[in-house]
Structures are given as structure tokens and as C-alpha cells.
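Let me begin by presenting the structure, written as C-alpha cells, before commenting on it.
So you know, we letter chains A, B, ... as the sequences are listed, proteins then strands, and number each from 1.
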Amino acid sequence: MNEYNFAYLDEQTKRMIRRAILKGLAIPGYQVPFASREMPMPYGWGTGGVQVSAATLVPEDRMKVIDQGADDTTNAVSIRKFFERTAGVETTEETGRATLIQTRHRIPEETLTEDQILVYQVPIPEPLRFLEPRETETRKMHALEEYGLMHVKLYEDISQHGAIATAYAYPVKVEGRYVMDPSPIPKFDNPKMEMAAIQLFGAGREQRIYALPPWCEVVSLDFEDHPFEPSKAEHDCDLCGAGDSYLDEVIVDDAGGRMFVCSDTDYCRGRRAAGHVGAQGVPYEEGAA
Amino acid sequence: MTPLLQVRDVAKFYGPRVGCRDVSFDLYPGEVMGIVGESGSGKSTLLGCLAGHLAPDAGEVIFDTAVEGPRDTLRMSEPERRMLGRTDWAFVHQHARDGLRMGVSAGGNVGERLMAVGARHYGDIRSSAIDWLGRVEIAEDRVDDRPTAFSGGMQQRLQIARNLVTGPRLVFMDEPTGGLDVSVQARLLDLLRGLVREMGLSAIIVTHDLAVVRLLADRLMVMKDGHVVETGLTDQVLDDPQHGYTQLLVSSVLQV
């Protein structure tokens, strides 16, 4: 025996993880404990997301892995290779063709459909953690819906910065019940979470899985006089000219030069292929980097 | 008049040891009750049992709730009891650090109870926080400072503001002046007396400092070895102690 079982994990483990996923889908936003396994990568590199993906993959799936929106960073490349090798599934960089997308810190710009599953890698699943260090107490607070403390964090933001300065991992309330950490996605992506695709969240080190079924109500917390605002850099993409996508700021020299580019590389590539050119862009050529 | 709090035969044991037993009393609206006794006499245990922090082994603690009238808090569900704990009740800890969030600004500390009961308007929360800081003599420009930057006396006053902001009807205080120097103690007592009278609060104050109860309490309960040995009006108990232990306690006060 020198072959891996399909998608690395043994079938009993997948069964256990699938049970946790189903429970998570039944109670949207609730953190389901699960027996996280050791994976052949360090904690913090997506061990939770990988386990959820492994338990969800079927041989017919086409998989896409993104890291901060990009298909070509270390984390994305190595996880994609991992599943190519252990599951033999087809992989793709195109959002529209993928059936399962594992993501770290972004939701793709392209609208996802009901045929797709989005798997998030989650470092700290507990939204109340930095305010209340005791796990026994945070569980009780979730159970009893005592979420005043979450607003204390937002209050502190406004009192120190004049506005809600939390820009990522912005807490949301799911279906009017559980307060949930959406993983460190920018708050720009929060409104997108009410979507047609199933969203699964895996935290390997913290041993928690939670989930959002399609079209779940997801409300970003705010104050009446300081409403939630999804924010992005006030700029268009310098490569493809998009004005509606989330942008990364790239320093290009040591003289203050910078450019803003789409963080979603597939979205940017697709727009350039369709003939859009940004302020610093050059016309798109097939195969050019 | 219905008592605000009726305590009936409350007992708490730590294994074979007695925490407190056979404690019964009524507390009427607007009344301040002092509980004195030496260390280990069970007064903090009793306070913990009344405030729902500890589960007593026997007895009833009947609180006159605003909506449903008198109810036994020990038989309430936990969500109900915790709701009481942040609306009608307040608990002032001996060490301000136990009652405050040290990583959160003074304004956030005061605002937390408001947000916990559903306040969602930043401007309103902030103005009532500033109002309450003013009432406990903390300057408005300290509203965004963390309690770690405050002196012990200020921390204690901040804790009091944080507790009173939701307008509780019953305040539990565990040695509110412990660990403060005498001049700060005097100011804090003055402040507390003013707030209690002004808001018509009922309070149960546990202390070993007889001066505190002389100033604040209408009635006094003296505890020893988990039992109540003497009760009565504060002045009556302090000026004419009947029980041997109370006589010892009163005569032990140092005269300057």
C-alpha cells in the first residue's frame, strides 16, 4: 500500500468531519467542535480548511485554491498541489469553472452559484476571544445570546479612531442568532456572504467547524449612528481598470511609487483578457505573466 | 410594603465546613444593610449566594422583580438570573480589577452594561458614559483612558459608575473601600452615600470596617463562624452591642 486514500484523510475521519459540517449547516453560525487531525502542514497554513475540503471533495470536483485572492501564492499553490496529488481531482484557477473553492482571507469577486462550495481557512473562530479569554464563558455567552461585549469592541474603535476601524474579520450576526467571525476577510466582502453557494469554515488548531447555508441572513454588527460600511481603497485597478473590486496596494519602488491591483487575480486576468486596461496596464497577451 | 429581597434560611457548605447557614432577613426598597464580621465569618460567601455567584445548598432568595413580582432567584433559569445581574442588580467587587475590563477604555467599561441590554446608539452610550464619569468625579477627558492608567480610588469609582449606569435597584458591595487609603475612602463613602440616597438604591454592603457601615448602613447584621449573631439598627448595634462577639468587634476599633 503506497497510495493515499482519496483526498488524504481516512473515511472514518471524513465521516466525522461531515457530521460536524451537517450540524454546522443546521445551526448557521454555531461553532461545532470536531476532532481535528494532524495535517502535513503547520497550523496556521489552513489545516482546518484542508480537512473540510478533503471531507467535501468528490472525484468529479474541480478545485480552486486562493490565498488573499491570489491563485499563485505559496499557500494556494501548495494546497492545490496537495489535492492534485492525494485526490487526483482536476484543479483550475477560474472561479466560474470551480466546484469547490478553498479560500484564505477573500471571497472571489465573481458571483458564486448554487453549484459551488466555498471553504474558508479560519485562524481564530471565536469572535469574542480577544475580549473574553475564557472559553467556558464565551460558550455561555453564545448559548445565552449575550453579545453586548461585541459592541464594546466596536465602541472602542469609534472612541479611538472616530469610526469603526475594524477592517477585516468584521463580526456578523447570522440569522438573528449567532455572532460569528467571518474569518479574516476584508469587511468589503461581508455583504457578499449572503450568497447562493454553501460556505464552510474550518479552524484546525482551534478544532471548530461552522457553516452558512445558501442565502443565510448575515448582518454586520454596527451602531445606529455609525452604520456598517464595506470599504476599499479609493482607486481603480491599475491593471484592469476595475472600480468595483477589492484592491491590494503594491509598492513598486523606493521613491513612493505604488500601484493598486485587484486582489482577486482570476478576476483581473479575466477582465484584461476581455480587453479592459488600467492606468498602468498593458494589453493582455495569452500566457504572459 | 413588599420587601425587595427576602432571604430565607440560606446555607452554603464547603464539604464538611460551614460557609454560612440559617441566614434569613428582609431588605426593603431604599434600605442599606451592612454585614460585618471577621475574616472567614462567611460574609463574602453569603453575598456570593445572594448575588447568584455561588449556588447555596439550601434556602430561598426571593427578589421582587420589576415585571413578575417576587421570585426565587435560586430557582430561576440561568439566563434570567444573568439578565437580573446586568439590569436590576449590580455587584461592586473589592478589587476594581475583578469588576472592570482592564483592556477597555473607561467609557467602554461604563457602556458595556448599556450595550448588554441592547443600546446600539454610539452617541447616546457615550454621553451617558460621560455623564456617569462626572457623577463619580472622573474628568470627561479621561473617558478614553484605560483603567490601568487610573489610581486605585479612581478605578473603584469607575467600577461604581459602570454598575450604576443601568439604574439597578439592588447593589451588592463586597468591601468597596478595602485597600484604599483613608482620605480616598472618605471621599468614596461620601460619593456612595450621595448616590444611594439620590437614586433610592437598596444595597447590601459586606465589610469589616465598622466606620463604613456607620456611615452607609441603616441596618446591621453581625456574622461569626457562618452564623448571624446579632442584627438590628446600625446605631443600636454599634452603640449597645449585646452579643459577646459584637462587643469585642466594637471595642477593637482603634481610636485615633
Indicate yes or no: does A:E137 engage B:R82 in a salt bridge with an N to O separation below 4.0 Å. yes

Nearest heavy-atom contact between B:S105 and A:Y155 is OG-CE2, 4.0 Å

Part of A:H151 within contact of chain B (heavy atom distance under 4.5 Å): both

Which one of B:R113, B:M83, B:E112 has the most heavy-atom pairs closer than 4.5 Å to chain A? B:E112

Is it the side chain or the backbone of A:I158 that comes within 4.5 Å of chain B heavy atoms, both, or neither? both

Keeping A:D225 on the side-chain end and B:H121 on the backbone end, is there a donor-acceptor pair under 3.5 Å? no

Got a sec: does the NZ of A:K232 have more than 12 other heavy atoms crowding it under 6.0 Å? yes

When every non-hydrogen atom of B:R101 is compared with those of A:L131, the smallest separation belongs to NH1-O, 3.4 Å

Non-neighbouring partners of A:F34 that pass ring pair (Phe, Tyr, Trp, His ring centres under 6.0 Å), sequence neighbours left out: none

How many angstroms lie between OH in B:Y122 and CD1 in A:I164, if you round to the nearest 0.5 Å? 10.0 Å

For B:R97, is the CZ atom crowded, meaning more than 12 foreign heavy atoms sit under 6.0 Å from it? no

So with a 6.0 Å cut-off around CZ of A:R15, is the heavy-atom count from everything else above 12? no

Within-4.5 Å side-chain heavy-atom neighbours: B:M115 and A:M150: no

Could you tell me which portion of B:R86 (side chain, backbone, both or neither) has an atom closer than 4.5 angstrom to a non-hydrogen atom of chain A? side chain

With a sphere of 6.0 Å drawn around OH of A:Y168, does it hold more than 12 non-hydrogen atoms of other residues, nucleotides or ligands? no

Could you check whether any side-chain N or O of A:E146 sits under 3.5 Å from a backbone N or O of B:A116, counting only pairs where one atom can act as donor and the other as acceptor? no

Top contributor to chain B interface from A:H226, A:K140, A:E132 [non-hydrogen pairs under 4.5 Å]: A:K140

Is atom CD of A:E145 surrounded by more than 12 heavy atoms (other residues, nucleotides or ligands) closer than 6.0 Å? yes

Write out, in numerical order, the residues from residues 124-161 of chain B with a heavy atom short of 4.5 Å from a heavy atom in chain A. B:I125, B:R126, B:V143, B:D144, B:R146

